[in-house]
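Written below as C-alpha cells is the structure these notes are about.
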Amino acid sequence: MTHPASHADLSANLPADLPVKLRERAAALDAADPLARYCDLFAPSEGLVAYLDGNSLGRPLTATRERLASFVDGPWAARLIRSWDEGWMDAPTELGDTLGRVALGAAPGQTVVADSTTVLLYKLARAAVDARPGRRVIVADTENFPTDRFVLQGIAAERGLELRWITPDAEAGVTPEDVAAAVGPDTALVLLSHVAYKSGYVADLPAITRIAHDAGALVLWDLCHSVGAVPLDLDADGVDLAVGCTYKYLNGGPGSPAFAYLAAGLQDEVRQPVQGWMGAADPFAMGPEYEPATGIRQLISGTPPVIGMLPMRDMLALVEEAGMPAVRAKSLALTGFAMEIADEYLTGVRVASPRDPERRGSHIMLDHPDFKRVVAEAWARGVIPDFRPPQGLRVGLSPLSTSFAELAAGLSLIRNLLG
Ligand SMILES: Cc1ncc(COP(=O)(O)O)c(C=O)c1O
C-alpha cells in the first residue's frame with residue numbers, strides 16, 4: 001500500500017483486516033477533523049502506510065521543494081553575497097520573532113534561530129550559572145534527554161558546580177513537588193524538558209517556573225517536544241530561558257537549526273560563552289576585542305545557517321493559519337485515539353504515558369517485550385514508529401500531517417506483528 005494520495009482516499013487505503021468498528025471510528029474522526037486537508041500538503045513517500053515518528057523528524061511539505069529551488073536561483077545565484085545585506089543577516093532574529101509569535105507566546109526580540117539544540121543548551125546553561133555567582137547547584141532530572149544531561153555534566157565539571165538529580169516516575173515526569181524539594185538558596189539553575197521525550201508527560205511549566213524563581217534560581221526549558229504541538233506562553237509564564245529544535249513538529253528537515261529564547265529582562269544580565277564575530281556588536285568592525293551585541297543577537301556565535309532555516313518557514317505558516325489551539329485539539333484527539341486502539345486491540349500492550357489530556361504531549365509510549373522486533377518489521381512494511389529501550393514503541397503524532405485512518409492502519413499492523 002502506498003501513502004494515500006489525498007485525504008479522500010484515506011479510508012480506501014485502510015488494510016482489509018482492520019476491524020470494522022475501528023475502520024468506522026477512524027473514518028468518523030477524519031470526517032470531523034477541521035485540519036484534515038493539511039495532510040494533503042505533505043510530500044508523498046513511496047510505500048509509506050503510516051508515519052508515526054513526526055516527533056523525531058517531521059515530513060517535508062511539498063511547498064518546501066519550490067522554496068528551496070527558488071532560493072538557489074534567487075537570493076543565492078542571482079544576488080550572491082549581496083543577500084547578506086538583503087535579509088540573511090537578520091534571518092536569525094526575523095525568523096525567531098515569527099517562531100515566537102506563532103508557537104512560543106514570545107514578544108519580538110527574545111528568540112533567535114541558530115546552532116543546534118545541544119549548542120544552545122550549552123550557551124544558555126553556562127550563561128545562566130554564571131549569572132548566579134555563589135550558587136553551586138544545578139537541578140536536573142535523570143529522565144531528561146541525554147544531550148541535556150551531558151551538557152550539564154560538562155558545565156558542572158567546567159565551573160566546579162554540583163548536579164542535583166531529580167529521579168521522576170519514568171511514566172510520568174517531573175512534578176512541581178519534585179522541584180520544590182530539590183531547589184534551595186544554593187540553586188543557580190533548573191533545567192527540564194517541558195514534554196518528556198519518552199513518556200510524553202507535560203510538565204507544569206508555570207508552577208515549576210514560579211517555584212524555581214521563589215528559590216532565586218533561573219529556569220531553562222527544553223521545548224523540543226512541545227514547539228509546534230503544545231501551546232506555549234513563555235512571556236506570560238515568566239520563563240527565563242528556553243531552547244528547542246525545529247526538525248520535529250516544525251518540519252525544518254534533518255539538522256535544521258535550533259532556537260533559543262532569552263527573556264528581555266535578562267538580556268543585559270547574562271553573557272553566553274561562545275564569543276564569535278557574528279554575535280559581536282559590529283561584526284564588520286573586525287576589532288581586536290569582543291564586544292557582545294545588545295539584545296537577542298548576543299546569542300549568535302557564527303554565520304547563520306540560512307539554508308537550514310528555509311523549510312520551517314512553510315510549516316510555521318501552516319501552524320499560524322491553523323492556530324495552535326486547533327493544532328493542540330487535534331494532537332489530543334490523535335493521542336486519545338492511539339490509546340483507545342492500544343486498550344481495545346493491542347493485547348498485552350501497556351500504555352506508558354499520561355492519560356490526563358492536560359499532562360499529555362503529542363506522542364505516547366507503548367510498552368511490550370517484543371517491540372524491538374516489531375518496530376524493525378513494521379519499518380520494512382511502511383509503518384514507522386520508533387523504538388526506545390528497553391521495550392517502548394513511541395507513537396509520535398504530528399497533528400497537521402497525520403490522519404486518524406493512517407494511525408489506525410499503523411497500529412493495526414503493529415497488532416498483526418505482535419501475533
Ligand atoms: C528533549 C531533546 N533535547 C534535545 C534534543 C536534540 O538535540 P540536537 O538538536 O542538538 O541533536 C532532542 C532530540 O531528539 C530531544 O528530544
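One-based numbering, in listed order, for ligands and for the atoms of each.
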Over 60° means perpendicular and under 30° means parallel, so classify the ring planes of Phe371 and His368, tilted if in between.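 The rings of His368 and Phe371 sit tilted, inter-plane angle from 30° to 60°.
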Between Glu143 and Arg149 (salt bridge meaning N to carboxylate O under 4.0 Å), is one present in this structure?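 Looking at Glu143 and Arg149, the cut-off is not met.
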Is Asp186 salt-bridged to Arg136, cutoff N-O under 4.0 Å?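 Looking at Asp186 and Arg136, the cut-off is not met.
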Under 3.5 Å, which donor-acceptor pairs do the side chains of residues 335-345 form with other protein atoms, sequence neighbours left out?
| residue | atom | partner | partner atom | Å |
| --- | --- | --- | --- | --- |
| Thr335 | OG1 | Ser331 | O | 3.1 |
| Thr335 | OG1 | Leu332 | O | 3.2 |
| Thr335 | OG1 | Arg360 | NE | 3.0 |
| Thr335 | OG1 | Arg360 | NH2 | 3.2 |
| Glu340 | OE1 | Arg25 | NE | 3.4 |
| Glu340 | OE1 | Arg25 | NH2 | 3.1 |
| Glu340 | OE2 | Arg25 | NE | 2.6 |
| Asp343 | OD1 | Arg355 | NH2 | 3.0 |
| Asp343 | OD2 | Arg355 | NH1 | 2.9 |
| Glu344 | OE1 | Lys21 | NZ | 3.1 |

Output, or 'none' if empty, a list of ligand 1-protein atom pairs in which both atoms are N or O and the distance is under 3.5 Å, rounded to 0.1 Å.
| residue | atom | partner | partner atom | Å |
| --- | --- | --- | --- | --- |
| ligand 1 | 3 (N) | Asp148 | OD1 | 3.4 |
| ligand 1 | 3 (N) | Asp222 | OD2 | 2.7 |
| ligand 1 | 9 (O) | Thr117 | OG1 | 3.0 |
| ligand 1 | 9 (O) | Tyr247 | OH | 2.6 |
| ligand 1 | 10 (O) | Thr117 | N | 3.4 |
| ligand 1 | 10 (O) | Thr118 | N | 2.9 |
| ligand 1 | 10 (O) | Thr118 | OG1 | 2.5 |
| ligand 1 | 11 (O) | Tyr247 | OH | 3.4 |
| ligand 1 | 14 (O) | Lys248 | NZ | 2.7 |
| ligand 1 | 16 (O) | His225 | NE2 | 2.8 |

How about His363 and Asp53: does a side-chain donor come under 3.5 Å of a side-chain acceptor?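 There is no such pair between these side chains.
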Around atom CG of Asp268, are there more than 12 heavy atoms from other residues, nucleotides or ligands closer than 6.0 Å?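 Counting neighbours around CG of Asp268, 12 or fewer heavy atoms of other residues, nucleotides or ligands fall under 6.0 Å, so no.
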